[in-house]
Amino acid sequence: MQSDTAGKQEKTAQKQVERRTFLGYVIAAVGAFITTAVGVPLVGSLILPGLRGHQPNWVSAGPASDFPIGQPKAATVTVTTKDGWIEQQEAKGIWVVKHTKSDFTVFNGRCVHLGCAYSWQPSLNEFVCPCHGGRYSITGQVLGGPPPRPLDTLSWKLNQGNLIVQYEDFRLGIPQKEEA
Ligand code: FES
């Protein structure tokens, strides 16, 4: 009689242990689900804006026919930059040299010395920077002054008659062209 009672108690205890184990699994599974559902979007939302900030900035410089062959012409492009959650649009200056209907050289509009805006001087046949007297040829080579490297060229392509430029800024004041 006593052993019967002991057996029943043992079975009941075993069932309780199994129930607790089952509940433990359920709680762990629900916890893992909640962690994944909340954590993955949160981590993604923190990381993705930063990654998106490094996407190439292809922007239109306008109809390719607007640029005269052989005569450098300034243009402004609107560039979207992202810093974390902050997105802003900036107007950036470029210089376009059109060689033929379908061949261009596009320069970043900042002097590579310290970043001043330079301009084309037709009478001198040179780009001239007003800040410290930097001078460049139509191909961007340094002719005089302190600029430590040629003008920074930008990638470009034609799309449905428009000149599309990959705008980038580069580090200033150093001999090699490096992403800023
Ligand atoms: Fe152009 Fe110094 S910024 S020469």
Side-chain angles (χ1 to χ4, degrees), residues 41-180:
L42 183 66
V43 170
S45 66
L46 291 174
I47 291 171
L48 284 179
L51 294 178
R52 277 191 226 115
H54 292 92
Q55 295 285 316
N57 232 318
W58 285 97
V59 285
S60 176
S65 57
D66 281 2
F67 298 96
I69 290 176
Q71 189 68 24
K73 185 178 175 186
T76 303
V77 293
T78 303
V79 173
T80 303
T81 53
K82 286 181 182 167
D83 185 5
W85 288 106
I86 300 168
E87 182 176 308
Q88 57 183 12
Q89 294 197 319
E90 287 177 87
K92 302 278 192 177
I94 59 172
W95 278 92
V96 177
V97 181
K98 186 177 186 178
H99 307 293
T100 66
K101 267 186 170 179
S102 58
D103 187 22
F104 297 77
T105 300
V106 182
F107 297 114
N108 185 306
R110 301 170 74 196
C111 175
V112 300
H113 179 223
L114 294 177
C116 287
Y118 58 87
S119 62
W120 176 249
Q121 301 294 320
S123 57
L124 300 172
N125 215 33
E126 295 175 358
F127 289 109
V128 176
C129 178
C131 290
H132 312 98
R135 294 164 45 232
Y136 305 90
S137 70
I138 196 169
T139 59
Q141 297 305 306
V142 178
L143 298 175
R149 66 172 187 266
L151 289 173
D152 293 324
T153 52
L154 301 173
S155 298
W156 60 272
K157 59 187 175 185
L158 292 175
N159 186 14
Q160 297 182 337
N162 287 314
L163 178 64
I164 312 294
V165 173
Q166 184 181 17
Y167 187 86
E168 287 180 90
D169 278 320
F170 300 94
R171 289 181 62 195
L172 301 169
I174 56 174
Q176 67 278 13
K177 186 181 176 186
E178 269 180 24
E179 248 180 57

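Quick caveat, the model's predicted, so the values are computed rather than measured. Start at 1 and go down the list; that is how both ligands and their atoms are numbered.
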Short check: any N/O/S atom of Cys111 below 2.8 Å from atom 1 (Fe) of ligand 1?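 A backbone or side-chain N, O or S atom of Cys111 is under 2.8 Å from atom 1 (Fe) of ligand 1.
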Under 3.5 Å donor-acceptor, Trp120 side chain and Ala74 backbone: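 No, because the side chain of Trp120 does not come within donor-acceptor range (under 3.5 Å) of the backbone of Ala74.
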Heavy atoms from other residues, nucleotides or ligands near CD of Glu90 exceed 12 (cutoff 6.0 Å):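 Counting other residues, nucleotides and ligands, CD of Glu90 exceeds 12 neighbours.
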Listing request: all disulfide (SG to SG under 2.5 Å) pairs with a residue in residues 125-172, at least two apart in sequence or in separate chains.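 Pairs touching residues 125-172 that pass the test: Cys116-Cys131.
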Which of the atoms in ligand 1, numbered in the order shown and given with their element, are less than 4.0 Å from a heavy-atom of Gly134?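 Every atom of ligand 1 under 4.0 Å from some heavy atom of Gly134: 4 (S).
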Please identify which atoms of ligand 1 are closer than 4.0 Å to at least one heavy atom of Leu114.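 What qualifies from ligand 1 is 3 (S).
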Just to the nearest 10 degrees, tell me the angle at atom 2 (Fe) of ligand 1 spanned by His132 ND1 and His113 ND1.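 With atom 2 (Fe) of ligand 1 as the vertex, ND1 (His132) and ND1 (His113) sit 100° apart.
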Among side-chain atoms of Gln89 and Thr80, is any donor-acceptor pair under 3.5 angstrom?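 Side chains of Gln89 and Thr80: pair found under 3.5 Å.
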